Amino acid sequence: MTGEVVMRAVGITKTYGATRALKGVDFEVRRGAVTVLFGENGAGKSTLMKILSGVERPTAGVLELDGEPVVLRNSVDAAARGIAIIHQELSLCPNLSVRDNIFMGRELARGGLVVDDREQNAQTARLLERLEEAIDPRTLVSALRLGQQQVVEIARALAGEARVLIMDEPTSALSGSEVEVLFGVIRELTAEGVAIVYISHHLEEALEIADHAVVFRDGELVARGDAGDIDINWVIANMVGRSAGDLNPDLREEFGEPVLTLEGVSVADPTNSSRLSVDRLSLQVRAGEVVCLYGLMGAGRTELLEALAGRLPLLTGDVTVKGTRVHRQTIAERIRLGLALVPEDRQRDGLVQTMSVGQNMSLASLLAFVRGLIVSRPRERSAVERGVSDVRVKTAGPSAAITSLSGGNQQKVVIAKVLMTEPDVLLLDEPTRGIDVGAKAEIFALMAREARRGLGVLFATSEIGEALGASNRILVLSKGRIVREFDTRTALREDVMVASGENVEQETGAAQ
Amino acid sequence: MTGTASPNQAVPAPKRRVDVASVLLEGRAFIALIVLIIIFSLLSDSFLTLNNVITMTKHVAMNAILALGMLFVILKGGIDLSVGSIVGLSGVVAGVLLQGLRLDAFDVVLYPAVWVVVLCSLLVGTLVGFLNGVLVTRFNVAPFIATLGTLYVARGAALLISNGSTYPRLGGNPEYGNTGFGLIGGGRLLGIPMAIWIMLVFALIALFVLRKTPFGRWVYATGGNERAAELAGVPVRRVKLCVYMISGFCAAVAGLIISSELTAAAPQTGESFELNAIAAVVIGGAALTGGRGNVRGVLLGAFVIGFLSDGLVIVGVSTFWQITIKGAVIVLAVVLDQAQQRITGSKNAALAAASKTQGPTTPGGDAAAPTSGREPARTP
């Protein structure tokens with residue numbers, strides 16, 4: 001199983017500002033083998049892949065290709081050396097055809113001037129045939145469903161005839177049969193001597209294809225093993241380590257009346273209205289309770305929370321907040337009802353980057369400070385100062401630019417903004433995305449504190465450690481439905497993960 | 001380019017150091033205005049006389065009133081190309097009403113009072129703005145296209161109403177009780193033309209609305225990040241609708257001033273005025289992407305453009321050079337703005353990195369953030 005090492009990373013460290021995403025990682029990629037990377041979100045896997053594919057440069061450490069030290073200036077440079085990557089986020093141009101996407105940046109041109117469409121069509125057709133996907137090369141990418149787009153992304157990487165092929169979550173949108181085809185192609189590639197680096201959150205699936213496995217935790221490579229010697233328990237044990245124990249916020253055990261009730265709620269997929277993102281879902285959150293929506297990407301967590309906040313329309317079902325039916329209210333009216341969302345994407349949905357810390361914080365509750373026609377500065381200022389100390393934002397002051405804060409502190413500003421609306425139900429979508437471990441613990445402590453004060457808290461996460469460490473109850477979400485429910489006191493990590501994973505396999509197979 | 005910190009460096013502990021380049025950059029519109037005044041008064045004796053300054057300021061006022069309305073739209077992240085046409089249309093509406101509105105069906109000619117005329121003109125301008133707003137918010141037409149369309153439609157309407165000809169003698173007739181229109185553009189208060197007073201009043205109102213009212217904050221928030229503003233409960237659609245109406249209203253005011261001053265209304269009035277207004281806003285440091293800009297900057301921008309144009313005329317520079325120089329000034333303003341943004345951006349990035357170094361999980365002592373001064377960087 002052990003081919004020679006094609007690519008080696010020695011002592012790779014990567015820092016962003018003051019966060020160390022990778023801490024002196026040694027990693028090797030072997031010819032004709034699949035090396036699988038395991039680790040929770042933010043453990044450093046994707047950062048390492050970006051470095052291997054030339055997207056980012058390491059702060060310290062060396063990359064070696066065929067034993068020679070090499071500096072990859074950018075992804076084009078890496079591609080020229082035979083390193084291709086399939087990104088986690090699709091990087092296709094939806095306005096171009098499948099063919100044009102596959103040959104983007106390396107168009108076949110006759111005489112260096114005229115693009116040879118016929119040859120490109122033929123090559124594209126061959127690639128898609130290999131992937132057993134019947135798509136006309138001239139179809140616009142925007143006309144394809146997500147899974148097919150992912151196949152195109154894979155085809156593009158194959159077209160480059162890479163020696164090292166990095167796949168970052170290549171199957172997140174694929175159906176069961178498409179995954180089988182992809183695995184078949186991967187085996188062909190390895191037989192031809194291509195080295196594959198593979199990242200996936202589907203542990204079982206990744207183990208199936210692995211020759212070697214490594215596990216990342218908090219920016220370090222903590223374990224490595226060969227396919228014969230490892231199993232899912234080994235992976236989970238190493239993935240989790242100690243970090244989950246750090247959370248342990250002080251949660252209440254007794255709860256009050258239900259503050260949020262959902263009955264048969266459905267939400268259409270915002271990108272494809274013929275499908276449901278949330279499918280006749282019912283749940284209840286009581287005062288003082290922290291409930292976690294656990295599920296993989298695409299399970300419908302974000303859509304559910306956005307529909308509750310009023311950004312997406314409800315297709316069916318009833319939502320009640322403290323006895324008041326929520327139906328057609330605007331976002332502002334829902335905020336007044338006591339329903340407020342901390343969105344998943346802080347930069348896109350949470351912050352106004354051109355405004356100060358204080359202005360961001362008071363934005364959702366601005367009308368509370370109005371006297372006559374004007375916003376009362378003293379009232380606003382004292383409320384903001386209370387907010388800053390309440391959630392412990394580290395800032396030079398309320399008038400500092402929001403962009404001068406670290407990610408964790410920006411997130412605290414978003415939370416403070418929501419808390420200033422005095423909600424009864426606090427909704428948080430991946431509240432710890434992209435922030436460091438210390439700030440994570442603080443944010444969970446905040447959530448627990450608000451619950452003790454009598455709020456109902458509903459948060460979504462894809463990290464098992466967070467689900468188990470920070471909630472009273474876990475609802476496992478898959479394909480828009482709650483497939484299982486766990487009491488956190490008795491839940492076993494493995495059961496929760498399996499509940500989300502297994503059902504994804506079954507449901508995708510059926511739905512597609 | 002200057003001594004400011006790059007993102008990866010730790011923040012320098014003493015933040016009090018006065019950065020000359022930054023100060024010059026931030027005050028660039030003001031500095032440019034001073035430089036203009038100095039140069040032109042050296043080149044021409046008649047430039048810095050009271051009469052000339054008042055005349056030039058009157059020219060500035062016309063553009064400034066348009067630019068103040070434009071500021072709202074640009075702050076929101078949009079653009080309004082239709083203001084020049086609204087200037088023409090509102091003048092024509094005033095003209096047709098002052099000449100007497102013939103109602104053939106009743107065989108009468110109506111001569112509305114001046115205040116009614118003014119009200120109608122303002123209403124028409126605001127209505128065009130409303131149309132822009134509806135196109136942008138309800139039909140999701142890009143602001144550039146929506147207002148490009150109304151640019152033509154409003155101009156066409158002005159030409160249709162007037163049949164392409166100018167309405168002369170808008171002074172009114174004492175017999176019909178509709179005199180006094182000329183006061184708007186021709187009148188003076190304390191020796192200062194009305195147009196300048198109107199500009200000042202509008203500037204103060206804009207200042208008040210943008211800085212003191214929730215609506216003002218919403219305009220900035222919508223322009224800065226529409227999605228985040230929406231999720232915070234800001235009535236984004238209403239805000240958008242309002243800014244176009246404000247811009248249309250301001251344009252109608254400018255149209256009234258011009259037709260009143262000339263006591264004549266031509267349907268072609270105001271062609272390419274929208275570009276001067278946009279230029280004033282941009283020179284004043286507003287970002288076309290929205291969320292950034294202020295009243296002071298717009299006024300400075302309008303003065304720079306106005307004094308530059310008039311100064312070049314007084315000094316006797318050819319029209320062709322005038323146009324070229326004006327264009328160069330606009331581009332230069334944006335280039336400098338980008339430089340300033342880069343500096344601010346890297347300063348903030350350095351601060352963000354520093355606030356991370358200090359670790360968010362530090363014990364209680366630093367829970368309450370200081371409200372003044374920079375936090376001292378703790379040594380690791």
Side-chain angles (χ1 to χ4, degrees), chain A residues 15-19 309 311 330-336 340-341 343 347-355 359-360 362-367 369-370 373-375 377 385 388-389 392-398 400-401 403-410 412 417 421 435-439 441-442, chain B residues 7-8 10-11 15 75 208-209 211-218 220-237 287 289-293 344-345 347-362 364 366-375 380:
Chain A
T15 58
Y16 295 101
T19 342
R311 167 164 282 164
T330 62
I331 295 174
E333 284 162 349
R334 288 175 202 226
I335 289 175
R336 255 171 273 143
L341 170 67
Q347 297 304 334
R348 197 183 58 169
D349 297 326
L351 298 171
V352 180
Q353 287 80 0
T354 48
M355 292 170 98
Q359 287 174 331
N360 267 290
S362 63
L363 188 59
S365 47
L366 202 58
L367 292 177
F369 314 121
V370 172
L373 279 178
I374 67 172
V375 179
R377 283 293 155 93
E385 275 166 10
V388 164
S389 65
R392 296 160 146 241
V393 183
K394 286 194 76 78
T395 168
T403 46
S404 70
L405 265 53
S406 67
N409 281 306
Q410 289 183 349
K412 288 190 208 164
K417 170 174 78 176
T421 67
I435 63 183
D436 50 60
V437 182
E442 274 193 284
Chain B
N8 287 329
V11 175
K15 288 296 295 179
L75 278 178
F208 175 81
V209 170
R211 295 191 56 153
K212 297 284 184 193
T213 67
F215 175 76
R217 195 73 66 80
W218 290 342
Y220 279 100
T222 307
N225 185 348
E226 189 179 328
R227 291 179 62 98
E230 191 190 10
L231 208 52
V234 172
V236 169
R237 282 185 163 204
T289 45
R292 188 161 55 82
T344 331
K347 267 183 189 165
N348 285 338
L351 279 173
S355 78
K356 232 170 188 175
T357 332
Q358 292 163 21
T361 42
T362 43
D366 46 26
T371 52
S372 63
R374 304 281 185 194
E375 203 157 353

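Owing to the predicted nature of the structure, the values given are computational and were not obtained by experimental measurement. Below, chain A is the first sequence line, B the second, and so on; all start at residue 1.
With sequence neighbours left out, B/Arg217 forms a salt bridge (Lys or Arg N to Asp or Glu O under 4.0 Å) with A/Glu380. By the side chain to side chain donor-acceptor pair (under 3.5 Å) test, A/Thr354 is found to be paired with no residue, residues two or more places apart in sequence or in another chain being considered.
Contact annotation for A/Arg348: both backbone and side-chain heavy atoms come within less than 4.5 Å of a heavy atom of chain B. Both the backbone and the side chain of A/Thr403 come within less than 4.5 Å of a heavy atom of chain B. Neither the backbone nor the side chain of A/Thr421 comes within contact range of chain B; no heavy atom of the residue lies under 4.5 Å from a heavy atom of that chain. Only the backbone of A/Leu351 comes within contact range of chain B, judged by heavy atoms closer than 4.5 Å. Contact of B/Glu226 with chain A is not made at all, since no heavy-atom distance falls under 4.5 Å. Heavy-atom distances place the side chain of A/Arg377, and not its backbone, under 4.5 Å from chain B. In this structure, the portion of B/Phe208 lying under 4.5 Å from any heavy atom of chain A is its side chain and not its backbone. Only the backbone of A/Gln347 has a heavy atom closer than 4.5 Å to any heavy atom of chain B.
Within the 3.5 Å criterion, the main-chain N or O of B/Gly290 finds no donor-acceptor partner in the side chain of B/Tyr220. For A/Asn409 (side chain) and A/Val393 (main-chain N/O), no donor-acceptor pair under 3.5 Å exists by modelled atom type. For A/Lys412 (side chain) and A/Arg392 (main-chain N/O), a donor-acceptor pair under 3.5 Å exists by modelled atom type.
Across A/Gln353, A/Arg334, A/Gln359, the residue that shares the most heavy-atom pairs under 4.5 angstrom with chain B is A/Gln359. Put simply, of A/Leu363, A/Ile335, A/Val370, A/Leu341, the one with the most heavy-atom pairs under 4.5 Å next to chain B is A/Leu363.
Looking only at side-chain heavy atoms (C-beta outward), B/Trp218 and A/Leu366 come within less than 4.5 Å of each other. Side-chain contact between A/Asp349 and A/Arg311: present, with at least one pair of heavy atoms (C-beta onward) separated by less than 4.5 Å.
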